[in-house]
Amino acid sequence: MRDEPVYALESLVRSMHEAVILWSGHWKETEAAYREADMNPDFKQFAALESAGMSRYFTARVKGQLVGHLYFIVHKNRHTRTLTAVEDFYYFLPEHRHGSDAIKLLRYAVDSLKREGVQQVGMSSKLTGKKNIDPILKRVGFRHVANFFVI
């Protein structure tokens, strides 16, 4: 019997040393294929967003070890003045991608955001990764409303 993850809202600043390990794997898997830059997080910007109350860092831990995370930037929409959350990163270690753990973390995050008054939650699904997360997003209730292109 496997250990179930524990989901929580945490401080990214306090968990930064662990988050970087997951970021590195995430970057190699989904970003390196199309970006022409190495991973180089702006830690001061992450700290400033957290200090301003404009970020939420949701985690999945097994026996205390960080195995998945989901980070949102929360802001007031400039067009509607409604509270909006936009995902910046969502990743599970490959060895912890089984069952519905990723869906449970996403539902936990969405429910938490809605409880605090967030009216719109935006997520992205990279075409460059090993796994398309569209089915996960649709299962949680997200609708496909846009495509995003880079140059």
Side-chain angles (χ1 to χ4, degrees), residues 1-50 53-75 83-116 118-150:
M1 182 175 190
R2 73 181 185 93
D3 291 305
E4 293 291 321
V6 174
Y7 306 101
L9 172 62
E10 298 185 23
S11 162
L12 175 60
V13 171
R14 285 195 291 270
S15 302
M16 195 67 76
H17 63 286
E18 297 172 285
V20 169
I21 296 167
L22 270 66
W23 276 345
S24 178
H26 187 186
W27 188 267
K28 289 174 188 167
E29 189 174 320
T30 66
E31 308 297 315
Y34 76 95
R35 293 194 187 255
E36 295 180 11
D38 293 330
M39 186 182 103
N40 184 18
D42 185 342
F43 298 115
K44 287 183 181 179
Q45 186 178 160
F46 283 107
L49 286 166
E50 186 170 306
M54 294 179 64
S55 67
R56 304 296 181 277
Y57 182 57
F58 298 96
T59 60
R61 293 181 178 275
V62 174
K63 294 182 177 180
Q65 178 195 357
L66 185 65
V67 299
H69 60 185
L70 174 53
Y71 179 84
F72 288 93
I73 296 172
V74 179
H75 63 95
L83 203 54
T84 302
V86 179
E87 168 258 342
D88 186 29
F89 56 83
Y90 178 34
Y91 185 74
F92 262 79
L93 292 172
E95 60 270 25
H96 289 275
R97 294 179 191 167
H98 38 64
S100 58
D101 294 346
I103 292 170
K104 288 177 183 174
L105 176 61
L106 181 54
R107 282 190 174 135
Y108 177 86
V110 169
D111 289 347
S112 296
L113 291 166
K114 286 183 176 181
R115 274 195 305 278
E116 71 172 85
V118 170
Q119 293 177 297
Q120 183 177 2
V121 179
M123 295 281 299
S124 63
S125 178
K126 295 278 177 25
L127 302 173
T128 56
K130 293 178 183 176
K131 183 172 181 176
N132 179 337
I133 68 164
D134 289 10
I136 292 171
L137 298 177
K138 288 176 183 174
R139 187 166 171 188
V140 174
F142 285 85
R143 296 174 294 133
H144 183 195
V145 298
N147 290 324
F148 184 75
F149 296 82
V150 297

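Positions are given from 1 along the sequence. Heavy-atom basis, side chains included; hydrogens, waters and symmetry copies ignored.
- From Q119, atom CD reaches atom NZ of K114 across 10.5 Å, with rounding to the nearest 0.5 Å.
- With sequence neighbours excluded, the residues forming a salt bridge (Lys or Arg N to Asp or Glu O under 4.0 Å) with E4 are R2, K104, listed by chain and number.
- Qualifying side chain to side chain donor-acceptor pair (under 3.5 Å) partners for S100, counting only residues two or more places apart in sequence or in other chains: none.
- Taking R56 as the reference, E116 meet the salt bridge (Lys or Arg N to Asp or Glu O under 4.0 Å) condition, with sequence neighbours excluded.
- For N40, there are no side chain to side chain contact (heavy atoms under 4.5 Å, CB included) partners, not counting sequence neighbours.
- A pairwise comparison of heavy atoms in G25 and Y91 identifies C-OH, 3.5 Å as the closest pair.
- Take D134 and apply the side chain to side chain donor-acceptor pair (under 3.5 Å) test, not counting sequence neighbours, and it matches S125.
- In terms of the side chain to side chain contact (heavy atoms under 4.5 Å, CB included) criterion, residue partners of A8 (sequence neighbours excluded) are, by chain and number, E10, T59.
- Between Y90 and F92, the ring-plane angle classifies as perpendicular under the 30° and 60° cut-offs.
- Here E95 pairs with L93 under the side chain to side chain contact (heavy atoms under 4.5 Å, CB included) rule; sequence neighbours left out.
- Taking the side chain to side chain donor-acceptor pair (under 3.5 Å) definition, one finds that H17 meets it with nothing, sequence neighbours left out.
- Checked by atom type and distance alone, the side chain of H26 never pairs as donor or acceptor with a backbone atom of K28 at under 3.5 Å.
- Applying the side chain to side chain contact (heavy atoms under 4.5 Å, CB included) rule to D38 yields no partners; only residues at least two apart in sequence or on another chain are considered.
- Put simply, the side chain of E50 never gets that close to the backbone of S11: no donor and acceptor are under 3.5 Å apart.
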Under 3.5 Å, which donor-acceptor pairs do the side chains of residues 62-75 form with other protein atoms, sequence neighbours left out?
from : atom 1 : to  : atom 2 : distance (Å)
K63  : NZ     : D3  : OD2    : 3.2
H69  : ND1    : Y57 : OH     : 2.8

Only pairs under 3.5 Å count here: list side-chain donor-acceptor contacts from residues 106-113, not counting sequence neighbours, and write none if there are none.
from : atom 1 : to   : atom 2 : distance (Å)
R107 : NH2    : R139 : O      : 3.4
S112 : OG     : Y108 : O      : 2.9
S112 : OG     : R115 : NH2    : 3.3

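- Shown here are the salt bridge (Lys or Arg N to Asp or Glu O under 4.0 Å) partners of E87, two or more places apart in sequence or in another chain: there are none.
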